[in-house]
Amino acid sequence: MSATATWIRSRIAQGRGTDRGDISITTVIIWVAAVAGALVIAGTIATVVAKYNGLLSGI
């Protein structure tokens, strides 16, 4: 096998096996907090609209 072919094979193997793309716990915490915040905001808006639905219909 030539030196070039060996180098190419080693570069391909190196690129394949080293980076698994693991998600850090910090990223998970941030995503959970963002989704929870969005649900709280959506719930608050739904509650306000339901409470004042009669008043808003006359606008």
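Starting from 1, each residue takes its place in the sequence as its number.
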Other cluster members, Ile30 - Ile/Leu/Val/Met/Phe/Trp/Tyr, side-chain contacts below 4.5 Å: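 The other cluster members (ILVMFWY side chains, heavy atoms under 4.5 Å, direct or chained): none.
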
With sequence neighbours excluded, residues passing side-chain hydrogen bond (donor to acceptor under 3.5 Å, both in side chains) with Thr27: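 Partners of Thr27 by the side-chain hydrogen bond (donor to acceptor under 3.5 Å, both in side chains) criterion, ordered by chain and then number, come out as Ser24.
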
Val32-Val40 co-clustered via ILVMFWY side chain contacts under 4.5 Å: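 No, separate clusters.
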
